[in-house]
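In this text, all values refer to a predicted model and were calculated from it rather than measured experimentally.
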Amino acid sequence: MGEAQEVQLQVMGKEAKEASPPRHENETNQPAIPQKRNSKWWLLVAFYSLLLLAGQSVAVLLGRLYFEKGGNSSWMGALVQPAGFPILLPFYLSQPKSPSTSNFETNLPSNLVLASIYISSGLFLAIVSMLHSLGLKYLPVSTYSLVCASQLGFNALFSFFLNSLKLTPFIINSLVLLTISSILLVFQDDSAESKQVYKRKYAFGFICTVGASAGYGLLLSLTQFAFKKVLKQETFKVVLDMTIYPSLACTIAVLVGLFASGEWKGLGKEMEGFKLGEVSYCMTLIWTAISWQLFSIGCVGLIFEVSSVFSNAISTFGLPVVPVLAVFCFGDKMDVIKAIAMVLAIWGFLSYVYQHYLDDCKLKKQKSNAAATEMLITG
């Protein structure tokens with residue numbers, strides 16, 4: 001019986017080899033993820049993570065500094081978020097051109113489809129940038145950052161509908177914790193801060209920040225959907241395409257809003273009345289724009305090296321750092337409710353990451369079992 005089974009397995013293995021189609025060269029040359037995880041890969045991931053965390057923290061603090069020291073233009077606060085995209089052009093121009101085989105070209109979306117994706121993403125990004133600007137204008141930077149932590153929960157919720165994300169107990173736990181973390185900030189006692197931020201403006205800023213977090217979570221889910229269903233490739237050049245062109249469309253949309261609203265007329269007077277001086281006014285806006293683009297480079301790099309989920313998780317993990325820095329930079333009060341909200345936000349983040357760790361372990365186990373089965377058949 002044992003010899004008969006062995007002969008049968010050998011015959012099945014030969015038939016499988018004969019029936020399997022030959023692999024193309026580009027398929028065999030693609031390295032698996034475990035092969036990439038050498039010391040150089042870890043250094044790249046650490047470098048991109050540092051850019052993301054540093055860029056995000058500095059951009060948020062400088063954005064609040066602009067409003068704190070005399071800046072009043074919400075459109076300008078929105079403009080600095082996408083307007084620094086030209087610093088990404090050297091990375092874009094240095095990318096090799098895609099192969100021009102006929103089979104490859106037939107799978108590409110048309111230019112009209114690509115243009116519609118870039119323009120719609122840019123217009124949506126303009127709305128999100130404006131909501132972020134209004135939230136940063138009317139909220140203390142510590143409260144703003146903690147509310148932004150809810151973007152991870154929104155991302156999971158929208159991915160459930162758009163990208164078939166499974167709502168496991170750990171994901172649901174993350175959603176609940178991040179929701180409670182944001183709700184707690186509504187009931188905090190801001191009597192000391194209410195002299196500068198009125199309750200009505202505080203509520204308006206809170207709603208805008210929640211809307212911006214929801215919009216950013218939806219934008220990430222739509223971007224992932226576009227990669228999987230439309231673009232169907234995740235090369236670094238394609239990721240840069242999805243960063244530069246929407247940023248260009250977003251910049252044009254915000255500029256139109258800036259001139260249409262008439263706020264551009266008061267920018268000269270605003271610069272003259274800036275408490276830190278005219279030079280500091282310009283440098284604040286310039287470095288805010290550069291910081292947002294450093295954040296974009298780190299975000300794009302992590303998407304390319306790991307995944308969009310990992311990039312968003314690192315971004316959410318960095319948000320609680322800003323309230324601590326705001327205590328020293330702007331004298332924000334770190335009361336008990338904010339501290340509890342920070343702990344819940346970190347707990348929700350860790351719950352979300354742990355679920356993806358379990359998914360990764362499950363996927364590796366399935367690949368290992370499949371490889372063992374293949375070796376048994378071909379052996």
How is the hydrophobic cluster of L123 composed, in terms of its other members, when Ile, Leu, Val, Met, Phe, Trp and Tyr link through side-chain heavy atoms under 4.5 Å apart, directly or indirectly? I119

Please lay out, stage by stage, how L114 and S110 fare under the test side-chain contact (heavy atoms from CB on, under 4.5 Å). CA-CA 6 Å; L114 290 175; S110 64; over 6 Å; no

Could you walk me through whether S133 and Q81 pass the side-chain contact (heavy atoms from CB on, under 4.5 Å) check? CA-CA 9 Å; S133 177; Q81 297 179 43; 4.3 Å; yes

When you group the ILVMFWY residues by side-chain heavy-atom contacts below 4.5 Å and let the links chain together, are M271 and L255 in the same group? yes

If every non-hydrogen atom of N72 is compared with every non-hydrogen atom of K137, which pair is closest and at what distance? O-NZ, 2.9 Å

Minimum heavy-atom distance between L258 and S261, given as atom pair plus value: O-OG, 3.0 Å

CZ (F227) and CD1 (I117) are apart, to the nearest 0.5 Å, by 10.0 Å

Is the side chain of S73 donor-acceptor paired with the backbone N or O of M76 at a distance under 3.5 Å, no angle test? yes

Please list, chain by chain and in numerical order, all residues satisfying side chain to side chain contact (heavy atoms under 4.5 Å, CB included) with V343, sequence neighbours excluded. none

Look up atom CG in L125 and atom OG1 in T243, then write down how far apart they are to the nearest 0.5 Å. 10.0 Å

W75 vs V254 side-chain heavy atoms within contact, under 4.5 Å: yes

Side-chain contact test, heavy atoms from C-beta onward, threshold under 4.5 Å: evaluate it for E270 versus L267 and give yes or no. yes

Is there a side-chain contact between L162 and L218, using heavy atoms and a 4.5 Å cut-off? yes

Transitive ILVMFWY side-chain link L112 to V230, under 4.5 Å: no

In one Ile/Leu/Val/Met/Phe/Trp/Tyr side-chain cluster, 4.5 Å: L50, Y48: no

Kindly compute the distance separating CG (L52) from SG (C299), expressed to the nearest 0.5 Å. 6.0 Å

Sub-4.5 Å side-chain heavy-atom contact between T143 and Y202: yes

Nearest heavy-atom contact between C250 and P82 is SG-CG, 3.5 Å

Are Y92 and D241 side-chain neighbours, meaning at least one heavy-atom pair lies under 4.5 Å? yes

Minimum heavy-atom separation for T209 and G135, please, with both atom names. OG1-CA, 3.3 Å

Distance from L177 atom CG to W347 atom CH2, nearest 0.5 Å? 5.5 Å

Applying side chain to side chain contact (heavy atoms under 4.5 Å, CB included) to F85 and not counting sequence neighbours gives I244, S247, L248, T251, Q293

How close do Y138 and G205 get, counting heavy atoms only, and between which atoms? CB-CA, 4.0 Å

With sequence neighbours excluded, residues passing side chain to side chain contact (heavy atoms under 4.5 Å, CB included) with L294: L51, I290

In this structure, CG of L62 is separated from CE of M283 (nearest 0.5 Å) by 10.0 Å

Checking S221 against S159: is there a side-chain donor and acceptor pair closer than 3.5 Å? yes

Is it possible for you to say whether Y118 and V113 belong to one hydrophobic cluster, with membership spreading through side-chain heavy-atom contacts below 4.5 Å? yes

So do the side chains of Q151 and N155 get within less than 4.5 Å of each other, counting heavy atoms only? no

Could I get the full list of side chain to side chain donor-acceptor pair (under 3.5 Å) partners for S120, not counting sequence neighbours? none

Could I get the full list of ring pair (Phe, Tyr, Trp, His ring centres under 6.0 Å) partners for F154, not counting sequence neighbours? none

Got a sec, which residues hit ring pair (Phe, Tyr, Trp, His ring centres under 6.0 Å) with F47, two or more places apart in sequence or on another chain? none

Which residues satisfy the side chain to side chain contact (heavy atoms under 4.5 Å, CB included) test with L146, sequence neighbours excluded? L185, P323, K338, A341, M342

Do other residues, nucleotides or ligands put more than 12 heavy atoms under 6.0 Å from the CG atom of N111? no

Check the hydrophobic clustering (I, L, V, M, F, W, Y; side-chain heavy atoms under 4.5 Å; chains of links allowed) and say if L88 and W292 are grouped together. yes

Stepwise side-chain contact (heavy atoms from CB on, under 4.5 Å) test for S145 and V60: CA-CA 8 Å; S145 300; V60 171; 4.0 Å; yes

Sequence neighbours excluded, which residues qualify as side chain to side chain donor-acceptor pair (under 3.5 Å) partners of E278? none

Partner residues of Y216 under the ring pair (Phe, Tyr, Trp, His ring centres under 6.0 Å) criterion, sequence neighbours left out: none

So, do L285 and Y66 sit near enough that their side-chain heavy atoms are less than 4.5 Å apart? yes

Might you work through the side-chain contact (heavy atoms from CB on, under 4.5 Å) test for I297 and F91, ending with a clear yes or no? CA-CA 10 Å; I297 294 174; F91 296 93; 4.0 Å; yes

Here the pair of heavy atoms bringing G348 nearest to S174 is O-OG, 2.9 Å

Would you indicate whether the side-chain heavy atoms of M242 and L231 approach each other to under 4.5 Å? yes

Which ILVMFWY residues are connected to L131, directly or by a chain of links, through side-chain heavy atoms under 4.5 Å apart? I127

Side chain of S351, backbone of F170: donor and acceptor closer than 3.5 Å? yes

Report the residues that fulfil ring pair (Phe, Tyr, Trp, His ring centres under 6.0 Å) with F274, sequence neighbours left out, ordered by chain and then residue number. Y281

From R64 atom CZ to K69 atom NZ, the distance as rounded to the nearest 0.5 Å: 10.5 Å

